[in-house]
Structures are given as C-alpha cells and as structure tokens.
Amino acid sequence: GDDATKLAKEAEILWKAGLADQAVARAREALAATAEPTAEDYVRIAGYHFHHMQFAPAAEILKQGLERHPDHPRLLLN
C-alpha cells in the first residue's frame with residue numbers, strides 16, 4: 001500500500017545517503033507492509049545485504065522471495 005511505497009522510498013534515500021543499516025531496516029519494514037511483495041522487492045533487500053557482505057541475511061531474504069516467486073529468474077540466479 002501507500003505505507004509500503006513510502007517506506008521503500010525512504011529506504012532508497014537512506015541507502016543513497018550512505019546509511020546502510022537504516023536503509024535495510026526501512027526496506028524490511030516496507031516488505032512487511034506490502035501485501036503482495038514482488039520478486040524485485042526481495043532482490044533489492046538482498047542486494048543491500050550482499051553489498052555489505054551480509055550473506056546469511058541476504059540468503060534468507062532470497063529464500064523468502066523464492067517461496068512466493070519460485071520461478072523468478074532473478075531470485076533463482078542470486
């Protein structure tokens with residue numbers, strides 16, 4: 001919904017400002033607030049984690065994404 005969109009935009013702004021931890025937290029809030037998260041939502045958050053060598057959280061997010069989108073190529077390739 002609108003809250004999820006707002007949170008996702010805030011996450012992007014935080015990321016661009018170099019506030020990675022806050023960006024990841026906000027992106028996860030956006031994901032939780034989204035009724036039907038897209039595969040790209042999961043890939044984005046995993047990318048934040050990968051960028052900071054946080055591989056276990058990245059893998060967990062991708063696993064959650066695969067549960068919702070089992071055939072999505074970007075989730076399968078990551």
Side-chain angles (χ1 to χ4, degrees):
D2 291 334
D3 287 341
T5 301
K6 180 181 173 213
L7 290 167
K9 287 180 182 177
E10 288 176 7
E12 188 176 337
I13 291 167
L14 289 165
W15 182 259
K16 288 178 180 176
L19 302 170
D21 290 340
Q22 294 94 325
V24 170
R26 196 62 45 88
R28 285 180 170 269
E29 287 177 43
L31 187 68
T34 303
E36 293 294 325
T38 67
E40 294 302 320
D41 293 330
Y42 292 99
V43 170
R44 181 180 322 106
I45 296 171
Y48 290 162
H49 284 300
F50 275 123
H51 186 77
H52 287 280
M53 303 222 184
Q54 299 170 339
F55 301 118
E60 182 58 33
I61 281 292
L62 291 173
K63 180 181 171 194
Q64 291 173 18
L66 277 170
E67 288 171 1
R68 284 186 174 256
H69 305 281
D71 298 322
H72 194 279
R74 292 222 34 218
L75 290 169
L76 293 168
L77 292 173
N78 281 294

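The chain is numbered in sequence order, starting from 1.
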Next item on the list: Please examine the side chains of Gln54 and Asp21, heavy atoms only from C-beta on, and report whether any two atoms are closer than 4.5 Å.
Entry: yes
Margin query: Do Thr38 and Val43 have side chains that approach each other closer than 4.5 Å (heavy atoms only, starting at C-beta)?
Written below: no
Next item on the list: Identify the heavy atoms of Ala30 and Ala8 that sit nearest to each other, and give their distance.
Entry: CB-N, 3.6 Å
Checklist line | Minimum-distance pair of heavy atoms, taken over all atoms of Leu7 and Ala33 | finding: CD1-CB, 4.3 Å
Check: Does His49 reach the side chain of Phe55, with side-chain heavy atoms less than 4.5 Å apart?
Finding: no
Check: CG of Leu31 to CD1 of Ile45: how many Å apart, nearest 0.5 Å?
Finding: 4.5 Å
Check: Taking side chain as C-beta onward, heavy atoms only, is His52 less than 4.5 Å from Pro57?
Finding: no
Next item on the list: Flag the pair Asp41 and Arg44 as a salt bridge only when some basic side-chain nitrogen lies within less than 4.0 angstrom of an acidic carboxylate oxygen.
Entry: yes
Notebook entry, point to check: What are the two closest non-hydrogen atoms of Ala27 and Ala11, and how far apart are they?
Noted result: N-CB, 3.6 Å
Notebook entry, point to check: How long is the span from the OH atom in Tyr42 to the OG1 atom in Thr34, to the nearest 0.5 Å?
Noted result: 8.5 Å
Checklist line | Other residues, nucleotides, ligands: >12 heavy atoms within 6.0 Å of Glu67 CD | finding: yes
Note to self: Please check this pair: side chain of His69 against backbone of Pro37, looking for a donor-acceptor N/O pair closer than 3.5 Å.
What the structure shows: yes
Checklist line | hydrophobic_cluster_shared for Met53 and Leu62, side chain cutoff 4.5 Å | finding: yes
Notebook entry, point to check: Should the heavy atoms of other residues, nucleotides or ligands under 6.0 Å from CD of Glu12 be counted, would the total exceed 12?
Noted result: no
Checklist line | Side chain His72, main chain Arg74, donor-acceptor under 3.5 Å | finding: yes
Checklist line | Minimum-distance pair of heavy atoms, taken over all atoms of Ala46 and Ile61 | finding: N-CG2, 3.9 Å
Note to self: Is the shortest side-chain heavy-atom distance between Ile13 and Lys16 below 4.5 Å?
What the structure shows: no
Check: How long is the gap from CZ on Arg26 to NZ on Lys9, to the nearest 0.5 Å?
Finding: 14.5 Å
Check: What closest approach, in Å, do Leu66 and Leu76 show between heavy atoms, and which atom pair accounts for it?
Finding: CD2-CD2, 3.7 Å
Next item on the list: Name the orientation class of the two ring planes belonging to Tyr48 and Trp15 (parallel below 30°, tilted from 30 to 60°, perpendicular beyond 60°).
Entry: parallel
